[in-house]
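Quick caveat: nothing in here was measured; it's all calculated off a predicted structure.
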Amino acid sequence: MLPDCLRSLAGRVNEIVVIDAHSDDGTAQIARDAGARVIARAWNGDFAAARNVALDAHRCDYSLYIDADERLALPAGGVLADYIDPVARFHLVRFQPRVGFTRYGEWRIFRNDPAIRFEGHIHETVVPSARRLGDDPLFSTVEIDHVGYEGPMGAKWRRNRPLLETAVQVDADRAYLWFDLAECLNGLGMEDAARDAIEQGLSAARRRGGRDQEAARSLLLNLKALLTAAPADHMAILREGLALRDDDHGMRFLLGQACLDAGMADEALAIARRLAAIDPDTLFEGPLAFDRRIFRDAAAELEGLALLALERRADAADAFGRAAVFAPDNPAHRLRHAALAAAGAGR
């Protein structure tokens with residue numbers, strides 16, 4: 001992962017500092033060969049402490065933090081300094097958490113200031129520093145793409161589980177920690193423990209409140225819905241989540257599927273068309289990211305299935321045709337479109 005990350009930084013930043021936890025896989029040499037300054041530091045299970053070492057080590061006016069499985073992009077070219085407003089202490093970047101997802105705002109660029117430090121053993125953040133300073137961030141056009149979730153996740157879940165179990169004891173009111181722990185537990189096949197973590201996280205969100213907690217609560221409700229088999233309960237959770245955040249398009253798509261399964265084709269159709277009207281390229285200012293497919297081929301497919309349930313076969317054929325254009329590698333869309341078009345032509 002590291003070479004591509006370093007190449008994305010080359011010529012765009014003034015200094016690169018890499019914190020290496022005494023790895024033995026060539027990481028340190030790769031970093032040195034790319035011109036980075038490498039600081040060896042024993043791993044003690046605390047991501048914030050490691051990042052703060054890097055903050056203490058560099059001498060630039062601003063800091064950008066980035067992981068090995070992420071890549072920096074500057075849409076208008078130039079260097080990173082061109083995208084920084086010196087009046088602001090904090091800048092958000094447009095962060096893509098997974099390949100094929102929309103972007104959201106991540107706190108990644110901030111002034112080199114002893115008052116700004118990372119906090120949290122895992123999912124470390126400078127947001128508490130910003131809150132104490134009373135600063136709101138500016139939204140930059142800088143982009144960071146995360147590619148680390150494209151392979152098997154088992155090793156990451158096993159690594160993160162004990163760290164998260166410790167973290168929720170230290171900061172039990174931070175709902176996002178509970179969400180990530182629930183995802184880890186679910187991914188490791190521990191569904192009952194995952195459900196318990198979800199409920200703990202929802203309680204934490206209610207206790208602390210605030211914008212960050214709202215986003216985490218939405219993620220927790222999404223996961224809770226996915227782990228709830230009873231159709232009525234599943235739908236009730238989704239409606240609760242949308243009442244909390246009307247901009248949770250992922251939850252709305254799940255509700256559309258649930259409505260279709262429950263025979264509520266008219267509502268499923270309305271949801272599909274609402275999603276299809278959204279341009280995923282404009283979704284970057286909120287705290288949530290979504291699979292771009294729910295605005296494209298998946299929305300068109302949901303529309304087609306809803307129209308089919310309403311016996312509007314010609315309209316359904318058109319919807320599946322749009323799905324095929326968005327996802328030409330998916331033969332199901334082409335076959336549905338062709339079958340319905342042929343039936344409409346009397347063949």
Side-chain angles (χ1 to χ4, degrees), residues 47-48 90 92 95 97 102 104-107 118-137 157 160-188 190-259 271 283 285-290 294:
F47 283 101
F90 297 90
L92 301 180
F95 188 78
T102 62
Y104 71 96
E106 266 263 323
W107 299 67
F118 288 95
E119 296 180 29
H121 282 49
I122 187 170
H123 297 304
E124 63 287 358
T125 176
V126 296
V127 173
S129 293
R131 301 292 186 239
R132 285 191 294 271
L133 292 167
D135 278 16
D136 289 322
W157 286 328
N160 284 359
R161 178 188 165 192
L163 295 172
L164 288 163
E165 288 173 338
T166 299
V168 295
Q169 300 304 315
V170 174
D171 189 358
D173 286 348
R174 188 177 172 196
Y176 186 78
L177 296 174
W178 288 107
F179 164 71
D180 199 29
L181 176 58
E183 272 211 317
C184 283
L185 294 168
N186 184 52
L188 294 171
M190 304 169 65
E191 287 191 10
D192 288 342
R195 291 188 181 93
D196 180 65
I198 289 169
E199 296 306 321
Q200 296 270 17
L202 292 172
S203 296
R206 288 189 289 269
R207 286 194 303 271
R208 180 176 287 181
R211 290 172 295 174
D212 298 334
Q213 296 287 83
E214 282 184 11
R217 185 178 175 191
S218 191
L219 294 169
L220 285 158
L221 287 171
N222 264 291
L223 185 55
K224 182 177 181 178
L226 291 170
L227 294 179
T228 302
D233 294 339
H234 178 79
M235 192 172 291
I237 294 166
L238 294 172
R239 293 195 189 280
E240 177 189 352
L242 284 169
L244 173 71
R245 291 200 68 96
D246 189 60
D247 63 347
D248 191 334
H249 306 298
M251 195 171 291
R252 178 163 283 107
F253 178 72
L254 292 177
L255 180 61
Q257 292 181 314
C259 287
I271 288 172
L283 296 176
E285 292 192 359
L288 300 171
F290 311 99
I294 69 172

[Y] and [X], any side-chain heavy atoms less than 4.5 Å apart:
X: Phe47; Y: Phe118; value: no
X: Arg208; Y: Asp171; value: yes
X: Leu163; Y: His121; value: no
X: Ser218; Y: Glu214; value: no
X: Thr166; Y: Ile122; value: no
X: Ser203; Y: Trp178; value: no
X: Arg252; Y: Asp246; value: yes
X: His249; Y: Thr102; value: no

- Task: Mind jotting down which residue pairs meet the salt bridge (Lys or Arg N to Asp or Glu O under 4.0 Å) criterion with at least one end in residues 223-238? Sequence neighbours excluded, please.
- Result: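 Non-adjacent pairs meeting salt bridge (Lys or Arg N to Asp or Glu O under 4.0 Å): Glu199-Lys224.
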
- Item | Main-chain N/O of Ala229 paired to His234 side chain as donor or acceptor, under 3.5 Å |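 Judged by distance alone, no pair lies under 3.5 Å.
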
- Test side-chain contact (heavy atoms from CB on, under 4.5 Å) applied to Leu226 and Leu254, step by step: CA-CA 9 Å; Leu226 291 170; Leu254 292 177; 4.1 Å; yes

- Task: Kindly write out the residues that satisfy salt bridge (Lys or Arg N to Asp or Glu O under 4.0 Å) with Arg174, not counting sequence neighbours, or none if the list is empty.
- Result: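 Checked Arg174 against salt bridge (Lys or Arg N to Asp or Glu O under 4.0 Å); zero matches.
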
- Item | Counterpart residues, salt bridge (Lys or Arg N to Asp or Glu O under 4.0 Å), relative to Glu106 (two or more places apart) |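 Per chain and number, Glu106 pairs via salt bridge (Lys or Arg N to Asp or Glu O under 4.0 Å) with Arg108.
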
- Evaluate the side-chain contact (heavy atoms from CB on, under 4.5 Å) criterion for residues Asp180 and His123: first the C-alpha distance (whole Å), next the side-chain angles of each, then the deciding distance (0.1 Å), finally the verdict. CA-CA 9 Å; Asp180 199 29; His123 297 304; 2.4 Å; yes

- Could you give me the CA-CA distance, side-chain angles and deciding distance for Arg217 and Asp248, then say whether salt bridge (Lys or Arg N to Asp or Glu O under 4.0 Å) is met? CA-CA 11 Å; Arg217 185 178 175 191; Asp248 191 334; over 6 Å; no

- Message: Measuring from atom CZ of Arg195 to atom CD of Gln200, what distance do you get when rounded to the nearest 0.5 angstrom?
- Response: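 Reported to 0.5 Å precision, the distance equals 15.5 Å.
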
- Query: What distance do Leu283 atom CG and Tyr104 atom OH have between them, rounded to the nearest 0.5 Å?
  - Reply: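 The CG atom of Leu283 sits 14.0 Å away from the OH atom of Tyr104.
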
